[in-house]
Novice: 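Below: one structure in structure tokens.
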Amino acid sequence: MTDTPRLDRRPEWTALEDHRAHWQDHLRELFAADPGRAERYVVRVGDLRIDYSKHLITDETLALLRELAAATDVFGLRDAMFRGARINVTEDRAVLHTALRAPRDAVVEVDGENVVPGVHAVLDKMADFAGRVRSGEWTGHTGKRIRNVVNIGIGGSDLGPAMAYEVLRPFTARELTFRFVSNVDGADLHEAVRDLDPAETLFIVASKTFTTIETITNATSARTWLLEGPHGLGDEKAVARHFVALSTNAGKVTDFGIDPDNMFEFWDWVGGRYSYDSAIGLSLMIAIGPERFREMLDGFHLVDEHFRTAPAEANAPLILGLLGIWYGNFFDAQSHAVLPYSHYLSKFTAYLQQLDMESNGKSVDRDGEPVDWQTGPVVWGTPGTNGQHAYYQLIHQGTKLIPADFIGFARPVGELSDVLKAQHDLLMANFFAQTQALAFGKTADEVRAEGVAEAQVSPRTFQGNHPTTTILAAELTPSVLGQLVALYEHKVFVQGAVWDIDSFDQWGVELGKVLAKRIEPALTEGADVPGLDPSTAALVAAYRELGK
Ligand SMILES: O=P(O)(O)OC[C@H]1O[C@](O)(CO)[C@@H](O)[C@@H]1O
């Protein structure tokens with residue numbers, strides 16, 4: 001136990017509570033009193049222009065939030081992370097995803113050893129392999145070239161590569177198909193491979209631990225399909241040409257039957273949800289090529305350096321993290337929407353769900369004491385404009401405060417970008433319209449001025465005052481994707497640091513795994529499961545009865 005005051009007893013916290021208690025201003029008033037905030041509350045990082053002017057803040061709010069960050073030593077913990085200290089306290093591990101994107105000549109030490117040469121050795125091995133698959137030099141067992149790449153993984157070993165593949169589709173090799181299998185429901189694998197020729201298919205088994213039941217089960221079924229399926233290759237030796245592994249666990253990879261030469265390594269100081277810029281990104285590298293992959297890593301690195309060096313007033317992850325704390329802890333906001341206005345970002349929010357909710361969904365502090373303050377929000381959202389015709393109603397006129405990030409681009413990407421420019425302008429007109437409507441709403445008087453009957457005025461009134469951040473960039477390139485992901489990684493870091501939680505463990509997923517293992521024999525063999533509660537026991541019995 002440390003003797004520093006708990007978060008909610010710090011004077012910087014109570015000062016914010018007091019500030020909140022006196023908070024009255026509507027965004028309409030804030031802008032009327034201070035139009036300069038539109039320019040002042042903008043931070044630029046690399047290619048990102050981040051506008052946070054439409055937030056329920058003043059200069060005083062920001063100063064108080066920065067004081068909280070200083071009191072909780074966010075930058076001290078940041079420096080400890082960058083220098084390889086074991087800040088993942090419950091697993092006693094360093095947290096060094098930033099080393100994955102460090103340039104070749106950088107020095108990042110873990111226990112006195114510079115890890116950067118090892119990182120680049122794996123990147124080089126990945127580049128060599130990706131080049132051979134892309135060129136057709138790496139053939140399958142029968143000599144046919146590889147045309148299909150199937151990534152098998154779950155959580156961070158799926159969401160990252162699957163999301164990034166989707167984002168960077170305009171940059172991908174069109175002669176290859178890519179599929180991502182994660183669910184232990186066999187339907188996922190079945191639908192992914194049913195129209196593929198095993199002789200042309202490469203499986204990438206992605207698992208940090210190589211013990212994750214979903215992944216090992218899917219990989220085992222994939223091997224059966226490869227060897228014994230309708231067009232199975234029949235020969236065990238085929239596995240060496242059709243399976244590669246991405247893991248920290250060489251022993252388990254070998255046990256599975258994958259040649260260790262076909263294993264791409266990473267390290268225990270890379271958390272699963274922070275790993276798609278490691279070997280876990282192999283499928284992405286095959287899709288976009290090593291140069292584009294490097295551009296993406298450089299985008300990450302640019303934001304790492306910004307987070308590491310920018311002063312608090314201009315530090316984008318710090319500002320975004322603190323804004324989330326302002327709403328979650330002082331306005332009782334329960335969720336945070338991420339609303340990308342790019343179809344290519346369709347999986348981005350799902351990716352952020354793991355990044356944010358697995359990192360900050362905690363209720364004990366770094367000393368193991370229960371916290372008395374809200375921690376991570378529910379993160380949700382889908383690309384605009386689809387959401388506008390679904391749940392935006394609730395954001396505009398419901399009873400909940402939902403801070404939201406809007407992410408948009410000035411130009412479309414891809415071969416059709418010229419043809420689609422007008423369509424893109426329409427998309428972005430919606431983007432700007434939404435943040436304006438959310439902030440400023442429509443008053444009852446404005447509704448009345450349109451001649452609306454009095455009884456209809458209130459349903460047509462928009463209170464506004466809904467806070468949003470607008471993140472704008474010229475184009476969605478590999479570098480911009482890296483910048484965006486690093487921005488959110490560090491935002492999540494900032495929040496975890498202030499809340500004094502371990503953002504890098506995930507014990508909350510363990511209990512379900514243990515219970516599933518215990519229940520499985522009851523389903524397959526009808527075995528008795530000791531310790532089942534009455535409700536679950538009845539459900540298991542019903543399952544067996546219905547399945548007869
Ligand atoms: O890469 P692995 O070891 O298969 O783990 C997959 C996922 O499972 C978790 O450990 C728990 O959900 C995640 O943190 C991780 O990304």
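All figures in this text were calculated on a predicted structure; none of them were measured in a lab. Atoms within each ligand, like the ligands themselves, are counted from 1 in listed order.
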Novice: For Asp188 and Ser182, indicate whether the former's side chain and the latter's backbone hold a donor-acceptor pair under 3.5 Å.
Specialist: yes
Novice: What I want to find out is whether Arg83 reaches Asp79 closely enough, with some N-O distance under 4.0 Å, to be called a salt bridge.
Specialist: no
Novice: Distance alone, cut at 3.5 Å: any donor-acceptor contact between the side chains of Ser157 and Tyr276?
Specialist: no
Novice: So which protein heavy atom does atom 5 (O) of ligand 1 come closest to, and at what separation?
Specialist: Thr212 OG1, 3.5 Å
Novice: With a cut-off of under 6.0 Å to the ring centre and 45° to the axis, is Arg223 in cation-pi contact with Phe256?
Specialist: yes
Novice: Quick one: salt bridge (Lys or Arg N to Asp or Glu O under 4.0 Å) partners of Glu525, sequence neighbours excluded?
Specialist: none
Novice: Would you kindly specify which portion of Val509 sits under 4.0 Å from ligand 1, judged on non-hydrogen atoms: side chain, backbone, both or neither?
Specialist: side chain
Novice: Could you find the nearest protein heavy atom to atom 9 (C) of ligand 1 and give me its residue, atom name and distance?
Specialist: Glu358 OE2, 4.2 Å
Novice: Quick one: nearest non-hydrogen protein atom to atom 7 (C) of ligand 1, plus distance?
Specialist: Ile154 O, 3.6 Å
Novice: Which of the atoms in ligand 1, numbered in the order shown and given with their element, are less than 4.0 Å from a heavy-atom of Ser207?
Specialist: 1 (O), 2 (P), 3 (O), 4 (O)
Novice: Say whether Glu214 and ligand 1 are in contact under the criterion: heavy-atom distance to a ligand atom below 4.0 Å.
Specialist: no
Novice: Is there a polar contact, in the sense of an N or O pair closer than 3.5 Å, between Ser157 and ligand 1?
Specialist: yes
Novice: Could you identify the single nearest non-hydrogen protein atom to atom 3 (O) of ligand 1 and state the distance to 0.1 Å?
Specialist: Thr209 OG1, 2.6 Å
Novice: So, the side chain of Tyr274 versus the backbone of Thr98: is there a donor-acceptor pair under 3.5 Å, distance only?
Specialist: no
Novice: Could you find the nearest protein heavy atom to atom 16 (O) of ligand 1 and give me its residue, atom name and distance?
Specialist: Gly156 N, 2.7 Å
Novice: Can you name the atoms of ligand 1, numbered from 1 with element, that are less than 4.0 Å from a heavy atom of Gln354?
Specialist: 13 (C), 14 (O), 15 (C), 16 (O)
